[in-house]
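Written out below as structure tokens is the structure these notes cover.
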Amino acid sequence: MNSIPSKLDVAADIAGPIREDDGDGQLLAISEMSELFSVTLRTLRFYEEKGLLNPVRRGARRFYRGRDVSRMRVILQAKKIGLTLAEVRGVSQALTSMLETEAA
């Protein structure tokens, strides 16, 4: 099984940068997110269940921020190169830690 290094020596933008929300408040409904990435609604719910996406909940509705869009790009790229969901989670956490370190 592949191991994921705790420190990445490659650029974090293989699928576009993971951006902090820029405060413009733009949210995508789950249907818009599904259409944007050509995935099913169930796929988005599954990624949420696995902790890969964290949409804003308003009642029963889900809305995705810019950070979720960036994470989805990373998820799909990682899947293309054959990573498992556990490995994708590790990559996502490593990228998030790297960004937080750079911001500090």
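- With rounding to the nearest 0.5 angstrom, the CE atom of Met72 is 10.0 Å from the CG atom of Asp68.
- Not a single side-chain hydrogen bond (donor to acceptor under 3.5 Å, both in side chains) links Ser34 to another residue, sequence neighbours left out.
- Note: Ile30 CD1 to Arg62 CZ = 5.0 Å, rounded to the nearest 0.5 Å.
- Put simply, CG on Leu27 and OH on Tyr64 are 11.5 Å apart, with the number rounded to the nearest 0.5 Å.
- Between Val91 and Leu83, the closest heavy-atom pair is CG2-CD1, 3.9 Å.
- For Arg57, the salt bridge (Lys or Arg N to Asp or Glu O under 4.0 Å) partners are Glu48, not counting sequence neighbours.
- Summarising the geometry of Val88 relative to Ala78, their closest heavy-atom pair is CG2-CB, 3.6 Å, with the distance given to 0.1 Å.
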Full working for side chain to side chain contact (heavy atoms under 4.5 Å, CB included) between Leu53 and Arg71: CA-CA 7 Å; Leu53 297 174; Arg71 282 180 180 245; 4.0 Å; yes
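- Listed by first and then second residue, the salt bridge (charged side-chain N to carboxylate O under 4.0 Å, His left out) pairs that reach into residues 26-44 are Arg42-Glu49, sequence neighbours excluded.
- When side chains are defined from C-beta on, Arg65 counts as touching Asn54, because their heavy atoms get closer than 4.5 Å.
- Separation of atoms CE (Met33) and CG (Leu36) is listed at 7.0 Å; rounding is to 0.5 Å.
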Just do the side chain to side chain contact (heavy atoms under 4.5 Å, CB included) check on Ile75 and Phe37 with the steps written out, would you? CA-CA 11 Å; Ile75 291 166; Phe37 289 104; over 6 Å; no
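- The distance from the CG atom of Leu85 to the NZ atom of Lys79 is 6.5 Å, given to the nearest 0.5 Å.
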With side chain to side chain contact (heavy atoms under 4.5 Å, CB included) as the test, would you mind laying out the steps for Val39 and Tyr47 before giving the verdict? CA-CA 11 Å; Val39 297; Tyr47 290 152; 5.8 Å; no
